[in-house]
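Encoded as structure tokens, the structure appears first; notes follow it.
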Number of protein chains: 2
Amino acid sequence: MELYHLKTFVTVAEEGHLTRAAERLFTSQPAISAHIKALEEELGVTLFERTPKGMQLSPAGAQLLAQAQRTLAAAGDFKLAARAMQDELMGSVRIGLNTDARFLRLVELQALLGARYPRLEVAFLGGSTGVNVPNLRVGKLDAAFISGEGDDPLLSSQVLCEEELVIAAPAGLRDQLTACDVPALAALPWVYTSPDCAHYGVMRTVFEAHCCAPEKVVLANQEDALRGMVEAGVGLGIVRRDDMREAVAAGRVFIVPRQLPTVSLRFAWLTKRANDPVLRAVIEAVSTVWQLAPEAAREAG
Amino acid sequence: MELYHLKTFVTVAEEGHLTRAAERLFTSQPAISAHIKALEEELGVTLFERTPKGMQLSPAGAQLLAQAQRTLAAAGDFKLAARAMQDELMGSVRIGLNTDARFLRLVELQALLGARYPRLEVAFLGGSTGVNVPNLRVGKLDAAFISGEGDDPLLSSQVLCEEELVIAAPAGLRDQLTACDVPALAALPWVYTSPDCAHYGVMRTVFEAHCCAPEKVVLANQEDALRGMVEAGVGLGIVRRDDMREAVAAGRVFIVPRQLPTVSLRFAWLTKRANDPVLRAVIEAVSTVWQLAPEAAREAG
DNA sequence: GCATGGCATCGGAAATCGTGATGGCGCCGA
DNA sequence: TCGGCGCCATCACGATTTCCGATGCCATGC
């Protein structure tokens, strides 16, 4: 028993004639005659009384008609639902964060994704560059914001902006900071990040160029934790300039006048998953939010 | 899109492998691969993600799975319902009556039909032999009780019993009925029936044999009406003997001691509909109630 | 009595479906 | 690192099903 049997059954019941039903179904009368016959034989029930005027539903056929229509309706719903979602992007995407939401423009990204793809489930998972990269590799994340060069061979990424880094110092240390040369800075207490963070690389670069190492006091893996400690007077730290504006204006912190190399904020994903339409949509949305041309996406070095 | 596509879809979703699904469906792996492919192409939706471990439902496929199962369930219900009623007698039958229910053993007949065929709708429609026969011919009745010879060429019938008829007279006429010869009877007032009633034929036969005609007073088409009029003293009438026992015992009526020919009570139907299973079942039930051998059914003369 | 309209049946053509073999692709263990 | 393995996609061919046109039968209506 197949759907076309049921379709024929219902049509014949509605039309009352094999001939008319055949016209409505764009086929021949013998064909639907065979459909009805096959259905009746399979079910062991005579569905119609054959009269000289046409096909009249038997009592059993009348009872079964409703269920046949229900079945066809269910099939129609199925098809309709499928058609409705044929172009719609579905699924879920897990995006790793490496810094605060405002800087990453998450609200705008979420708004854009929500408007374009209402059935897409987006999860923003807090973290850091250091944890995001391995999570990408093992599939715990689908995409992530990272800072640095993006030189992982398995990852692709696009640059969103250059982060301007500065050395921030607590106001309480201003007296000890008469000279701003590197060795003097190294002698002061530092709040440092984990080695897998791009800021750590910047710090290391600066000090290694002068063959000295900073005085490490405490490790803060999370950016806001590091910033809080700097503001609280624990020590110096490397932060994004715009992240410190408020504290600088309030006088709790000052910026050491020394130029640092910038690091790239990137949006990264597993190269081999680049063809996933969900991923492509997210990348496209990120590009839009950061006002990049779509071709700005580039393979990782 | 056919049911087997949906069946394959659901099975693959449940098994997670084309190969296993193929085993469960007793077919080959390329076959169901083609099913899935055809379904996906028709719907424009990828239902599965192909992984090295097998087939994993895509988000769209997961959403559609439930509706596919609903459709299959509806189809299964349809089949089940059909199978359940494949041997069960259904439909409706209209049976014409020509006399009182007790004499026709309607309670027993109804009980038997109800027990054997719970889905059969039975309608007993009051009437008389005279109206039942044309109603049978035009299809207003499916079967009927009639009295007489059943010589209609379109009808078949079986004899249920012989009705013993008597001439009943009101007690008030006893004085005038000293002689019981036919001419004397003809001179008395008669309650007569319509010409299409078998009793009328009996009356006519009796009087025509003696070349005289009864004094007609009033026509009573319905048996109980005739009986009531006889009891009320309106005139003589021809009735079934056992129908008058009560009135005779009560002294309201007496029986004229004259032998009358009997008429046959028959159960009749349209010959060309004799193969209708519903009709056959009803005929069989009537035979049972009247304790006839099934082969007692005979063609009309 | 003939024309009409309805369904059932039949034989051949056409499309469909199923099968077995084959190939590509990841994964895993040696 | 390299076969072996499991899995799915594809192909060509054979078998089955399906469809069509023609025909026949039957009941009805004019």
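Convention: sequence-line order gives letters A, B, ...; per-chain numbering from 1. Computed from a predicted model, the values in this text were never measured in an experiment.
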The side chain of B/Lys37 lies closest to which of these nucleotides: D/dC20, D/dT10, D/dT28? D/dT10
Residue A/Ala31, side-chain heavy atoms: nucleotide from C/dA21, D/dC19, D/dA27 that is nearest: D/dC19
Is any side-chain N or O of A/Arg50 closer than 4.0 Å to OP1 or OP2 of C/dG6? no
A/Tyr4-A/His35 aromatic ring centre distance below 6.0 Å: yes
How is A/Phe48 classified with respect to the nucleic acid when contacts are heavy atoms under 4.0 Å: base, sugar-phosphate, or nothing? nothing
d(CE, A/Met55; P, D/dC26) in whole Å: 18 Å
Does any donor atom in the side chain of A/Arg50 or A/Gln56 lie under 3.5 Å from an acceptor atom in the other side chain? no
What integer distance in Å separates A/Glu42:CD from D/dT17:P? 13 Å
For A/Thr27, answer base if it contacts any base atom (sugar-phosphate contacts may also be present), sugar-phosphate if it contacts only those atoms, and nothing otherwise; contact means non-hydrogen atoms under 4.0 Å. sugar-phosphate
Between C/dG26 atom C1' and A/Leu270 atom CG, what is the distance in whole Å? 15 Å
Identify which nucleotide among C/dG6, D/dC19, D/dA9 has an atom closest to any side-chain atom of B/Leu18, counting heavy atoms from C-beta outward. D/dA9
Rounded to whole angstroms, how far apart are CD on B/Gln29 and C1' on C/dG20? 11 Å
Is any side-chain nitrogen or oxygen of B/Thr19 closer than 4.0 Å to OP1 or OP2 of D/dG6? no
Taking CD from B/Glu40 and C1' from D/dA9, how many angstroms apart are they, rounded to a whole number? 12 Å
Taking for B/Pro52 and for A/Ser28 the nucleotide of DNA chain D with the nearest heavy atom, the one nearer the 5' end belongs to B/Pro52
Is there a side-chain polar atom (N or O) of A/Ser33 under 4.0 Å from OP1 or OP2 of C/dA8? yes
Is there a side-chain contact between B/His35 and the phosphate of C/dG18, meaning an N or O under 4.0 Å from OP1 or OP2? yes
Begin from the C-alpha positions of A/Lys7 and A/Glu2 and carry the test salt bridge (charged side-chain N to carboxylate O under 4.0 Å, His left out) through to its verdict. CA-CA 9 Å; A/Lys7 181 76 183 156; A/Glu2 291 302 331; over 6 Å; no
In this structure, how many angstroms lie between the P atom of C/dT4 and the NZ atom of A/Lys53, rounded? 17 Å
Measure the distance from CZ on A/Phe26 to P on C/dA15 and round it to the nearest whole Å. 19 Å
So, does B/Arg94 use its side chain to make a donor-acceptor pair with the main chain of B/Gly139 at under 3.5 Å? yes
Figure out the CD/P separation between A/Glu23 and C/dG5, and round it to whole Å. 12 Å
Just one of B/Ile95, B/Asn132, B/Leu141, B/Leu97 clears the side-chain contact (heavy atoms from CB on, under 4.5 Å) bar with B/Leu125, so which one? B/Leu141
